[in-house]
Amino acid sequence: MRIGIDTSVLNINQAGTATYVRNLIDELKKIVPPDMLFLFTVNHRRDMSRPKSFRSRVETIYWDIIWAHFVLPRRARREKIDVLHVPAKVTPVFPSCPAVLTILDTTVFQTPENFPFWY
């Protein structure tokens, strides 16, 4: 089975979500052959300590919409991924294969006003 994991959260979040993803990858590498595990990531790093700016908002839109819904499914299809794991936030609306989404907290449901409408 070809397993794909969206590791983009490692470029954005260095807290609990990133720890979860790093540990998940470390454990999967122990049991999944290297040629069956594919790690996908968006190519920019987000500095969460910076004040929000127009540029950071554009990067957020890229991450949340373009990457998750268009680029990631295309890359998964190209690699013939059997199952795609998205460990944070947003899973493709039209995934190119079965997808698993990890929901690490429900803050978006508790305070929806703090999140973009597409969440």
Side-chain angles (χ1 to χ4, degrees):
M1 175 179 283
R2 296 168 69 88
I3 301 169
I5 301 176
D6 179 4
T7 64
S8 297
V9 70
L10 297 176
N11 291 337
I12 298 165
N13 182 335
Q14 296 304 313
T17 304
T19 300
Y20 163 73
V21 172
R22 276 193 297 277
N23 288 334
L24 175 67
I25 292 166
D26 289 345
E27 294 304 313
L28 282 172
K29 284 181 177 180
K30 294 176 184 176
I31 60 172
V32 176
D35 61 337
M36 293 289 127
L37 185 61
F38 298 82
L39 306 179
F40 301 107
T41 190
V42 69
N43 292 326
H44 70 83
R45 292 188 70 78
R46 186 182 308 170
D47 181 357
M48 298 301 279
S49 65
R50 284 187 329 196
K52 291 182 179 176
S53 65
F54 178 76
R55 180 182 174 142
S56 70
R57 296 287 183 177
V58 169
E59 289 173 355
T60 298
I61 291 170
Y62 174 78
W63 159 252
D64 290 338
I65 297 175
I66 307 296
W67 168 257
H69 299 295
F70 298 101
V71 177
L72 179 59
R74 190 177 79 224
R75 290 184 62 194
R77 182 175 33 259
R78 188 176 0 170
E79 295 295 340
K80 298 179 175 72
I81 298 301
D82 294 308
V83 65
L84 177 65
H85 183 192
V86 184
K89 299 195 311 187
V90 180
T91 189
V93 173
F94 301 108
S96 55
C97 61
V100 175
L101 172 67
T102 298
I103 299 173
L104 297 166
D105 68 50
T106 59
T107 306
V108 70
F109 300 113
Q110 296 163 346
T111 56
E113 66 277 4
N114 293 333
F115 294 86
F117 75 93
W118 56 82
Y119 273 40

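Index from 1, following the sequence.
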May I have the list of side-chain donor-acceptor pairs in residues 91-107 shorter than 3.5 Å, sequence neighbours left out?
unit_1: Ser96; atom_1: OG; unit_2: Pro73; atom_2: O; d: 2.8
unit_1: Ser96; atom_1: OG; unit_2: Arg77; atom_2: N; d: 3.4
unit_1: Thr102; atom_1: OG1; unit_2: Tyr20; atom_2: OH; d: 3.2
unit_1: Thr102; atom_1: OG1; unit_2: His85; atom_2: NE2; d: 2.6
unit_1: Asp105; atom_1: OD1; unit_2: Thr107; atom_2: N; d: 3.0
unit_1: Asp105; atom_1: OD1; unit_2: Thr107; atom_2: OG1; d: 3.1
unit_1: Thr106; atom_1: OG1; unit_2: Gln110; atom_2: NE2; d: 3.3

Would you give me the side-chain donor-acceptor pairs under 3.5 Å for residues 24-41, sequence neighbours excluded?
unit_1: Glu27; atom_1: OE2; unit_2: Lys30; atom_2: NZ; d: 3.1
unit_1: Thr41; atom_1: OG1; unit_2: Asn11; atom_2: ND2; d: 3.0

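The minimum heavy-atom distance between Glu79 and Arg2, with the atom names listed, is O-NH2, 2.7 Å.
Of the listed residues (Ile81, Val83, Asp82), just one forms a side-chain contact (heavy atoms from CB on, under 4.5 Å) with Ile3, and that residue is Val83.
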